[in-house]
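Note that these values count all heavy atoms, side chains included, but never hydrogens, waters or copies made by symmetry. Residue indices begin at 1 and follow the sequence shown.
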Amino acid sequence: MPSDVLLIHPPYWDPYGPPASTAALLGHLRANSIPAAQIDLNQRHFAQQYDSLVHSALADLSDPEAFRTRVPHEHKVVLRAHEHSPGLLEKHGISEADLTMDNHRRAIARWDIDRLNVLDAIVHYGYFVRQDPSIGAVLEDKAAVGDKAWQPLKRLFLADVAQRVQQEDPVVVGFSILGEQQLAATVALSLWLREAGYDGLVVWGGSDIRYTHEKAAMPGSWWRGLPDFLCLGEGESAILGLARRGRSAREAMGAGWRQAITVSRNPRDDAFIGGLIPQPLQRALLPVKRYEKVNTLAQYDFDGFDLHDGYLMPWPIVPYQGSRGCHWGICAFCDHEEGYRLHYRPKGAAQVVDHMEDLRDRFGVTHLQFVDEAIEPQWMEDLNTEIERRQLGGVFRWSNYSKIAKEVDYHYLRRSYANGCRLILFGVESFQQRLLNVVKKGIRRKDIFNSLRDTHRAGIRSWVWLISGLPTATPADVRADIADLRSLADVVDAVSVGRYRISANSDIYREADKFGIVSYDLEHPMDLTFQHNGALVQPEELAAVYHDEYYPTAIGMSVSHNRYLLFAEALKQEQHGGSPPAGARRASPAPVGPAGGPATAQAARQAALGNI
C-alpha cells in the first residue's frame, strides 16, 4: 500500500531491540488515516555488518599494539584483560564459530552473563568504537560520503529505501535521531535521497534534535540545507499536520509544491505547526512546541520491524512510554527542556494494559521496557491493580526507571515482581543528603538504602545511576559516595557513574551562583570550580577521585554493563527455578584494574551498548 509518510530509524543505535520513536509516530499517523510505513535501517545495517564488525574487533583484540592504544578501558574490564594476551576467546570458552548473529542470539538465551558480556564488548567495539574515520568526517567534509566505508549503507539504502520511495512517492520522509552518533548516517541518507530524485519533504526529528540544531548552525556544516524541517520535541501532531498539508499542496499544485509549504511561528495562525524548525536552520529562535495529550495518542505500531528474528534479543522486547514529562520535574541538574519535564502527563492504567494486550495479540510481544523518565509509585500501583483485575499477573515481563521513594518498599516491589517487573533502574545521583538537597532531588538517604535492599529481596534486579562531583561536592563527599556504594555490593547489580556536566538547559546553569559555582565553561562542561564553606574545590581534584576510585568501583561492582543482558539474566534465572532468595549468589562482577586518565570518561560513554 502506498504511504504518505515513510519513517526511517538510521544507524548507529542499539541493536538489541526496536526504537519507540518511529513506532509511536506510525501508530498515530495510521490512527488518523494517514498511510505510513517505517524502516529500521539500524537493525538491517547491523545485521548485514555483523560478521565484518566482529572481524575488525577481533583484529584489534589480537594485536598487542592495537589492544593497548585503541581498546577502551571499560572493554578491557569486561574482557578481563588489562594487557594483551593471546587466546582471548578461548579463555572465555568462546569459539569463532559462536560469532555469528544467529549464534549470538541463541547464546543470549543459554549462556551465563559473563560470556555474554564478552560478546557484547566485542560487538560494541566493532560497531561503535572502531568506526572508520570517514563515517564521522562526513559532518565536515561532503566528499567523505563517497569513501569505501559508506558503501555498505549506500547499498542498503538503494535496496531498501530508494526503490520504495520511487514506488510510493511519499509526501514526507522522516528520520528519527535518538543519539548524536546517528547524525552522520542521517546526513548521508538524506543526501542520497535527494540525489535519487526525491522531491518531497525531508524532516529530521527525535530526542537528539536539539544537538542537531546546534551542530547545524556551526561553520562547516555543509549539510544544514538537507532537511526541510527539524522537529523539536514531541512529534505526533507535527508529522500529522505536515503530512496533511503536504498531501493537499501536492494534489492542488503538482510540481513545485514543496517550496510552497511554510509554517508560522504564531500559534493562532492556520499555518502554525508546533515544534517545526524551518530553513534556514542557522536561526537561533526556537519554535513553540506542542505537548501531546497522551491519553489521546494511539498505540505504538511495530509493523515493519522484524521483532522476533531481527534483533540481538532472542525474545522481542519493545520500548513503551506510560507517561511523558517527569512526576518530580525539578532536579536542578536535569537538562531536559523545562516545558517537557514540568508537563507530567501519565496515561491511565486501563489504557496502558490495553496497549500491552494489543502488543501481545498483534505482535506476540510480552516483554517491555517502560522508558518513562521515572515511574511514579502510585502509577505503578494502579498498573498492578489493573493487571490483577484482568488476571494477567505473570503474563508480561518488564523493566522500568524509578525515582527512590519511601513508597518503593518490599510490599510494593514484591507485588510488582508478581505482575512482571524484573529490572528497575534507579536515579540515585548521590547518597549524601546535603548534596541531594542542593540539587533538589527530593529523596532521603535512608530511603535509598531501603529501596535498593528491598528491590533485591523482592527478586528484582537493580541498576543505579550516580553523578560524581555535583555542585558543592568535595573530594570527601565523593569518597563517602564510594563507601556507600560499596556497602551495597551484595544487592546492586549494575552501576553507571559519570562526572557532573553543566548544561545550558538546567536550573544550575541559570542560577550558577546559588549552587556555589565560581567558574565554568560550556565548551568543557566538567571543568567547574565550586565553593563550599568558603573553600574552593577545583575540577582536577574531583576528576582524580572519579578516575582513580569511583569509576573503577562502579564498573567493578557491575554484573553487566548492558541492561538487556541483565534483563535476560533475570528471565533465565526465573526459568530455572524462580526468583532468587535474599542473599543469593549473583554472577561475579569483573575484576577492576587501573582506570586510566580522562579518556576513560569517553570510553564509558562509548561502551555502554545497552544504555545508548
With side chains defined as the heavy atoms from C-beta onward, is the minimum distance between [X] and [Y] less than 4.5 Å?
X    : Y    : value
R360 : V365 : no
R422 : I460 : no
L571 : W315 : yes
V161 : L189 : no
L425 : N400 : no
V78  : D120 : no

One thing to verify: whether [Y] and [X] come together as a salt bridge, which I'm taking to mean a side-chain N less than 4.0 angstrom from a carboxylate O.
X    : Y    : result
D132 : K148 : no
R362 : D301 : yes
E180 : K215 : no

Please give me the minimum heavy-atom distance between [X] and [Y], naming the atom from each residue.
X    : Y    : result
S176 : G206 : OG-CA, 4.2 Å
W204 : S190 : NE1-OG, 3.0 Å
L226 : V202 : O-CB, 4.1 Å
T22  : F305 : OG1-CZ, 3.4 Å
P539 : R499 : O-NH2, 3.8 Å
I8   : P10  : O-CD, 3.5 Å

How about [atom1] on [X], more than 12 heavy atoms from neighbouring residues, nucleotides or ligands closer than 6.0 Å, or not?
X    : atom1 : answer
K142 : NZ    : no
H308 : NE2   : yes
E83  : CD    : no

Measure the [atom1]-[atom2] distance between [X] and [Y] for me, rounded to the nearest 0.5 Å.
X    : Y    : atom1 : atom2 : value
F302 : Y320 : CZ    : OH    : 10.0 Å
L566 : S560 : CG    : OG    : 6.0 Å
Y564 : L116 : OH    : CG    : 15.5 Å

> What residues form a salt bridge (Lys or Arg N to Asp or Glu O under 4.0 Å) with D112, not counting sequence neighbours?
Replying inline: R115
> Residues in salt bridge (Lys or Arg N to Asp or Glu O under 4.0 Å) with D527, at least two apart?
Replying inline: none
> Which residues satisfy the ring pair (Phe, Tyr, Trp, His ring centres under 6.0 Å) test with Y125, sequence neighbours excluded?
Replying inline: H75
> Using 30° and 60° as the class limits, which term best fits the ring planes of F157 and W192: parallel, tilted or perpendicular?
Replying inline: tilted
> Hey, what's the ring geometry for Y127 with H45, parallel, tilted or perpendicular (30° and 60° as the breaks)?
Replying inline: tilted
> Going through the distances and angles, do Y50 and H104 end up as a ring-ring contact (aromatic ring centres under 6.0 Å, His included)?
Replying inline: CA-CA 10 Å; Y50 184 95; H104 192 154; 5.8 Å; yes
>> Can you confirm whether or not the ring centre of H547 sits under 6.0 Å from the ring centre of Y551?
In response: no
>> Do H9 and N42 pair up side chain to side chain, a donor and an acceptor below 3.5 Å, judged on atom types alone?
In response: no
> Do we see a donor-acceptor contact under 3.5 Å between the side chains of E168 and S3?
Replying inline: yes
> Looking at K76, R68, R130, which one forms a salt bridge (charged side-chain N to carboxylate O under 4.0 Å, His left out) with D60?
Replying inline: R130
>> Please evaluate residues D114 and R80 with respect to the criterion salt bridge (Lys or Arg N to Asp or Glu O under 4.0 Å), reporting the C-alpha separation (whole Å), side-chain torsions for both, the decisive distance (0.1 Å), and the verdict.
In response: CA-CA 10 Å; D114 289 339; R80 299 175 184 259; 3.7 Å; yes
